Trainee: 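I have a structure I would like to understand better, so I am pasting it below and will then ask my questions one at a time.
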Amino acid sequence: MCSVGHSRFPRLEKLAVGVFVLSFLLLTIVGVLTTWVLGIPLEGYWLLTHVSFGGIFTVALAALVILWAHACRLDGQDTGKKACFWLMTVAGLGLILSAVLSMFPLLGTEGQEWMVSAHGVCAYLAMAAFLGYAILLLYDGRKPRAEEELQR
Amino acid sequence: MGRNGHRDPKAGHSGTSKASAPARRRPALPTFLPWLSICFALCLTPVLPAQVAPEPTPPWDGSLSTPVHRIPLFDELEEPIIPEFRYSLPFSARHTCGPCHPYETISGGLHFNSFRSQPLEDRQPPVDRPGEPWFWVDPRTGTQLPLSYRAWPGTWRPQALGLTPWKFTQLFGRHLPGGDMAEPEDTLADPDSRWEVSGKVEINCLGCHSASPLQDQREWAIQMARENFRWAATAASGLGEVGGMASRLPGTWLVYDGLNPDDTEWAVPPFVEYDLTQFDSKHQAFLDVVHEPPDNRCLYCHSIHFVDKARWARQQDVHAAAGIGCADCHRNGLDHQMIRGYESEAAERGESSRAEFTCQGCHIPESVEDEPRRGRMGAPYPAHKGFPPIHFEKLSCTACHSGPWPGEEPVRVRTSRANRLGIHGQARWDTVMPQIVEPVFAQGADGKIAPHRLMWPAFWARLEGDRVIPLSPDDVAEKAPEVFEAEKQVGSVLAALALDPDATGEPVLVAEGKLFRLNMDGEVDGEIYDRTLSGTVWARDQEGEVVPCVSPFTLDDEGMLDYDTEGRILGTLRALTSAKLCESEPVLLHKGRIYRRTWEDLLEGTDLTEGQFESDAMADEPFPVWAWLQQGRLAPLVPPLVIQAAAETDGREQELTESQVAEVLQILGKAIPEEDRKTTSFAYISGGRLFRLTGEGKLSATSHSAANPYLWPLAHEVRPAAQSLGIRACEDCHSPDAPFLFAGIRGVGPLLSGDVASRRMVDFLDLDENYQRLFAYSFFLRPMFKTLAVAVSVLIGAVLLLFGLLGLRNVLAFVRPSE
């Protein structure tokens, strides 16, 4: 099952999931708040916060991938959540690469601008994966009650 | 049919000839009409030339070659110049160049329009981006005041300080291009002006467009200093020699008066003797003019000198090193609206073509309709690898590429117009003041960070409430002449003592632990003195031994002086009298007696009466004391305050001490009526601080907006790309001790004081210093972050690859044919 409680290191798993969720939410809030709500560029203390939690997100994502990759392999069961997991993995990798490659003297101005755009696209994909997984998790959470009620 | 068998065109379509019809005749004109027309034309001839519009200048025919300018010269009366004529006037650019190059159009150009284009009201916005102003520098009063007609924030309008166009031209004519305020339309508006004597300063076309090696702008500066305004361009061009001095002529002199046969030595009117070898048989002169001015012409007014760097060690602008001249970028049309080259100029002026001559226009041009635009004038295209695009929104190109590499403190520079550079010769015109530093990174008018030059203003002012009104340095010097120019006051006394033919040894002054000697500038040079003499002693250096001018003496039993002593005293008094340093009489005080020189040139001694001396210290001096006697009261030769100031400022570039400032403020304050003293006072501004007297008469310093420094953007010298900020690492700017953000800038000025303003670069950048430090510290973690991110990426990538391959295996297993 592609969810909490199915790995060999449950405490580590819970920690990784908690840190991942927290960091991702904060990163999303900062990004969305500045870009959509306030209409200001991501700079100043907003940028510092975003970059700081980006590092935490990186570690948490890596931990989650290692812990859940096997459980989340596509085998015809729980396909939805597994798909969200892999989408988040790919998008997360894109987020990390688009951020860190900009820090090396590799890309010129056009490349840098492309990286910023790619970071945004990956962010949208990650948000979609996160939301999808959350909805499916909620749906799965409600499902046993419905079945219980039918059996009564 | 017509003649020769051709059809008569007048025959008509019917085929019939109309030749048989009666011919139509033009009506006969009255016979008197032509004569009337001729008379009418003759009557109007004197009037017509003034009413007929001048012929338009023929447009450029497209040829890229420069026409050879072998042309007749015309003077301001539009008369052709005959070079052999003894009383020729200087040539006039308006009437020589103007017939082909419309003078009025050119006179609206950037170099010539500050006076005409100035905002009429003080509150109107400035005309364009701030630039280098004119600096009214008066070392005597410690004044360095930025002036501009263009109303740039932080500058003062010349008229606010009583500077008329005449006075402005007198002050700055050395580096004026002509025209503008120096060619006023109304020459009678200022009763103190002498435009009728000196002439107006026309636009000096050759000052920019002459390629002749004879073009000498130093000569321009000299003629302008002599107030030979209408002759300056001729002298500078090398077409002729100009003599005489308009400044010595009476105000009633006119150019038609010519030379004065009775005075051929002093008040000689300006005259010009043309170099006949530069004229042909038709009195045409060859002017070696070029379309694009050579760099040398621009550099006369626009040179920058790094004070601590020798000329040979100076790094040239990368564009100049590549062979690009000033005029290759700073172009203009006939209107002479030169391109300044800053990024927002095109938008401000509504001329998109100006954008092509900015940094971006050459190096990162935008393609137009899929037409490639890179590589203009061989400009390399910068990749800016690893440079986040946010920097292009926050920084101008010059922030990373121009000016000296930022150090712990900005470096001292001097500019042509501010510090009077480029006037070569035996005499030194260049000045230390104003003190200018660069680079100072600040937000420009367009909101982008750019490097600037900075100058702390220094001036005397009247305070009305919180409002600061600058005072003319001439007015201040006039009110307190005895307080200023400490070194010169001491030097003038030493120069007077040197006039004593019977005295041996060099006159010196021992005071404040120093020994002062007279130098060639009429001021003094000090050296440490720690020998026998103490106090303030006017002495003589006799082959290394310093002895007072008059050693302590006693009277004999008959109350008489010995012959040698009497001779020395008389000789010194004679020398001080003949120098005419002031209206007072020089005397000598010693042991309760005062010695004076009588009208018979004899020495007379009388007893001192009580209250006759201003300072008790004078009576207590162990050595004979020289003093001035005026209206029964005694005063030292040079006030102690001034001697102290001379000692403190000796060897320094500061001109004033706090004691002098307090003394001057007291003198100025006495002129304020009693009822106004609560709201009006005087102050002195220097080093970013405003100094004023407290109620107890002490000097106190505060901050004030009028004391803020004036900044103007710089663009040169451009460093090579390998020397741009950030080329090594982000830490060039983003580190806790990066000069770009945290360099210190201390106030400097003519006042010797420890109370000066102290700023950091972030103060001018309008940035949060705490955030910038925090952000800078984050760069310590950056390498770690990058390593972690790369490692994580590799790990995630490996997992994706592994499970991707596993998934691929399943796909292949699914599609394999069943056994």
Side-chain angles (χ1 to χ4, degrees), chain A residues 41-52 54-76 82 85-117 119, chain B residues 360 363-364 367 381-394 726-731 734 767-768 770-779 781-811 813-814:
Chain A
L42 185 61
E43 58 184 16
Y45 288 105
W46 295 110
L47 177 66
L48 262 184
T49 308
H50 194 83
V51 173
S52 302
I56 299 169
F57 169 83
T58 303
V59 174
L61 178 66
L64 215 57
V65 167
I66 293 170
L67 293 167
W68 281 9
H70 191 266
C72 292
R73 64 191 189 282
L74 296 169
D75 55 5
K82 289 176 183 177
F85 168 81
W86 289 112
L87 180 62
M88 174 61 84
T89 303
V90 171
L93 179 63
L95 286 170
I96 296 167
L97 284 176
S98 61
V100 80
L101 286 179
S102 304
M103 298 180 186
F104 290 93
L106 296 171
L107 302 167
T109 306
E110 287 173 7
Q112 292 276 337
E113 289 172 347
W114 195 89
M115 281 292 149
V116 171
S117 303
H119 195 81
Chain B
Q360 195 170 346
H363 287 281
I364 318 174
S367 296
Y381 181 78
H384 289 121
K385 288 185 178 177
F387 200 60
I390 187 72
H391 289 79
F392 299 115
E393 298 174 26
K394 301 288 184 184
I727 192 68
R728 299 179 301 183
C730 304
E731 284 81 350
H734 296 292
L767 297 175
D768 182 349
N770 291 330
Y771 166 76
Q772 293 299 329
R773 286 206 186 273
L774 192 62
F775 190 66
Y777 279 118
S778 74
F779 278 80
L781 301 172
R782 206 169 154 99
M784 220 183 317
F785 176 82
K786 286 196 278 191
T787 307
L788 177 71
V790 169
V792 164
S793 302
V794 170
L795 184 67
I796 296 175
V799 170
L800 281 172
L801 182 66
L802 175 66
F803 283 86
L805 289 173
L806 287 174
L808 187 61
R809 189 188 71 172
N810 291 340
V811 169
F814 178 77

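In this text, all values refer to a predicted model and were calculated from it rather than measured experimentally. Protein chains get the first letters and strands the later ones, always in sequence-line order, with residue 1 at the start of each.
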Trainee: Heavy-atom pairs under 4.5 Å with chain A - which of Gln772(B), Lys394(B), Met784(B) has more of them than the others?
Mentor: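 Most pairs with chain A among the choices: Lys394(B).
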Trainee: For a side-chain contact (heavy atoms from CB on, under 4.5 Å) check, start with the C-alpha distance between Phe775(B) and Leu48(A), then their side-chain angles and the critical distance, and finish with the verdict.
Mentor: CA-CA 7 Å; Phe775(B) 190 66; Leu48(A) 262 184; 3.9 Å; yes
Trainee: Pick one of side chain, backbone, both or neither for Leu802(B), based on which atoms fall under 4.5 Å of a heavy atom in chain A.
Mentor: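 Looking at Leu802(B), nothing touches chain A.
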Trainee: Using a cut-off of under 4.5 Å for heavy-atom pairs, which of Gly44(A), Gly55(A), Ala62(A) has the most such pairs with chain B?
Mentor: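 Looking at each option in turn, the highest pair count goes to Gly44(A).
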Trainee: So what's closer than 4.5 Å to chain A heavy atoms on Phe803(B): side chain, backbone, both or neither?
Mentor: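 For Phe803(B), the contact with chain A is made by the side chain alone.
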Trainee: Are any side-chain N or O atoms of Lys82(A) and backbone N or O atoms of Arg73(A), one a donor and one an acceptor, separated by less than 3.5 Å?
Mentor: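 At least one qualifying donor-acceptor pair exists.
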Trainee: Side-chain polar contacts of residues 88-103 of chain A - donor-acceptor pairs under 3.5 angstrom, sequence neighbours left out - could you list them?
Mentor:
residue, atom, partner, partner atom, Å
Thr89(A), OG1, Phe85(A), O, 2.8
Ser98(A), OG, Gly94(A), O, 2.8
Ser98(A), OG, Leu95(A), O, 3.0
Ser98(A), OG, His119(A), ND1, 2.8
Ser102(A), OG, Ser98(A), O, 3.0

Trainee: Taking only residues at least two apart or on different chains, which pairs with a member in residues 793-806 of chain B satisfy side-chain hydrogen bond (donor to acceptor under 3.5 Å, both in side chains)?
Mentor: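 side-chain hydrogen bond (donor to acceptor under 3.5 Å, both in side chains) check on residues 793-806 of chain B returns no pairs.
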